[in-house]
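Note on naming: letters A, B, ... go to the chains in the order of the sequence lines (proteins, then strands), and numbering restarts at 1 for each one.
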2 protein chains.
Amino acid sequence: MPQHEHDPCSSCAARGYSVCSAIDDKDLGRLAATAVVRDLAKGETFIEEGDSASDFFNVTRGTVKLYKLLPDGRQQVTGFAGAGHFLGLAVSNTYAFSAEAIEQSRVCRFSRPKLRELLHDFPALEERLLQTACNELVAAQEQMLLLGRKTARERVASFLVARLETGIPCVNPSDAIALPMTRGEIADYLGLTIETVSRTFSRFKAEKRIAIPSNTEVVILDRPWLSGIAAGLQ
Amino acid sequence: MPQHEHDPCSSCAARGYSVCSAIDDKDLGRLAATAVVRDLAKGETFIEEGDSASDFFNVTRGTVKLYKLLPDGRQQVTGFAGAGHFLGLAVSNTYAFSAEAIEQSRVCRFSRPKLRELLHDFPALEERLLQTACNELVAAQEQMLLLGRKTARERVASFLVARLETGIPCVNPSDAIALPMTRGEIADYLGLTIETVSRTFSRFKAEKRIAIPSNTEVVILDRPWLSGIAAGLQ
DNA sequence: CGCACACTTGAACCCCCTCAACCCAAGTGG
DNA sequence: CCACTTGGGTTGAGGGGGTTCAAGTGTGCG
């Protein structure tokens, strides 16, 4: 009998760097029992802003974008969530943002009452969630600085450097970055237009600061310089 | 013997709508013993970005601004914290932002270890902090939408409407808003310049949507219209 | 009064956006 | 196999919203 059928958590790719790491191996069965795995196709929306917030999610594969919309269609991407990322923290009864898979992805779904039980039984989990929330808050403040005060060049440089830092720690032949998102999604994340993102990429490339082997990949050639631009120097 | 000397918390203006409300009256003495009250003059900085994060703060009077700086002096205000607001949540060992009193203010200071004790003894407090963090996260996402995708008019309208909604619930003779911050601070909060903020105020005034009895006060004359602009309609 | 500081207003400029054309790769179907 | 479509990306030209620079207007306070 395949063990992983009954305990998907122990073999989960996100196990270790997700909030789940707050739970001991021996209690993993309990966790697996409360979670429901869901596969998402590229482009699939699984959280809609304003909908009643009945569930929490943990991304275990792929990448999802979190975003908010204005009535006329203007979109602000508030973040990209990869494997290990926890979603849906909210006091309110409705989601404050939408979430869409930007590539083939997988999420782990917890119902609100079930998570509440878990939190009660595993105090370490609550502490871990608080830590997570704090980290997101810090990231959000950094993004506000970017959106409110940085130039287009600085925004794109910040994005690339941040991707490098928070990128998957393993598999880094040189300074290559995977970009599962489109230029449009990067633009909506940085408060720019597609054209400006594309032009800035092209300029960095012409200046030999980056290389663009494909649309979904960027190689950092001059990291110190990019970091400097990102920080607002020069 | 004056009771409030030994129990400043029970008479605190922020008692009730701060995180402290998670603690029963009978345990307030304990809270008071761990807190240190500090008065701040206008313009006084009490948290410096990058400094080691040894303390947490609770604003109990006045208003403070939270902000981040770029090396060349560009400033992004990430929020204004009034009475009841909790500051300093961070996993990291250093503060991710600076904080400065923009008017005569008072804060309640907790050392990190002491707060940790409190959290241990009052689980409700930890839950309350998590709620607080979630609310701030939602606000931060809303601000990202503003900074990344809204026009100057929409930003200023959003600011005014938000001030009205989160304003001190009592003492609201009509739809008057107190603005303890300068135009420059509003500009740094909205990702604009002083001039644009001033011009937008003037336009709203000329269009009879607001009145400006003084530099530190605005009266909303057409709230539905302002709300519409803030939401991105028209 | 007169200085300081915050705010307002005007004019010119510029960075980024808008609009438009084009490129390229991957389907798709006759 | 090739014509056609579709989606994402690039590049160019022109325009506009907000910034920059600069001058002027209160207003509080010594």
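- In summary, E195(B) and R199(B) do not engage in a salt bridge, as defined by a charged side-chain N under 4.0 Å from a carboxylate O.
- Each of S202(A) and R149(A) was matched to the nucleotide of DNA chain D holding its nearest heavy atom; the match closer to the 5' end belongs to S202(A).
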For this session: Could you please spell out the steps behind the side-chain contact (heavy atoms from CB on, under 4.5 Å) verdict for E48(A) and Y95(A)?
Result: CA-CA 7 Å; E48(A) 201 106 32; Y95(A) 293 117; over 6 Å; no
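- Nearest-nucleotide mapping onto DNA chain C: of R199(B) and T182(B), the residue sitting toward the 5' end is T182(B).
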For this session: Kindly determine whether R149(B) and D188(A) satisfy salt bridge (Lys or Arg N to Asp or Glu O under 4.0 Å), including the steps that lead there.
Result: CA-CA 8 Å; R149(B) 289 300 178 218; D188(A) 285 339; 2.8 Å; yes
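- Rounded to whole Å, the C1' atom of dT20(D) lies 16 Å from the corresponding atom of dG16(D).
- Side-chain N or O atoms of E44(B) include one that pairs as donor or acceptor with a backbone N or O of A41(B) at under 3.5 Å.
- Scanning both residues, G191(B) and L147(B), for their nearest heavy atoms gives N-CD2, 3.7 Å.
- Between R74(B) and E154(A) there is a side-chain heavy-atom pair separated by less than 4.5 Å.
- Among the atoms of the strands shown, none is found under 4.0 Å from any heavy atom of G43(A).
- Residue pairs meeting the ring pair (Phe, Tyr, Trp, His ring centres under 6.0 Å) criterion with at least one partner in residues 183-202 of chain A, sequence neighbours excluded, are F80(A)-Y189(A), F159(A)-Y189(A).
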Problem set entry | From CA spacing to verdict: salt bridge (Lys or Arg N to Asp or Glu O under 4.0 Å), E207(A), R153(A) | CA-CA 13 Å; E207(A) 295 167 354; R153(A) 269 169 87 77; 3.4 Å; yes
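- Chain A approaches DNA chain D over the interval dG9(D) to dA13(D), counting the first and last nucleotide 5' to 3' with an atom under 4.0 Å from its heavy atoms.
- Annotation: of the two residues near DNA chain D, V197(B) and G184(A), the 5′-most nearest-nucleotide partner is G184(A).
- Using a 4.0 Å cutoff to heavy atoms of chain A, the contacted part of DNA chain C runs 5' to 3' from dC16(C) to dA20(C).
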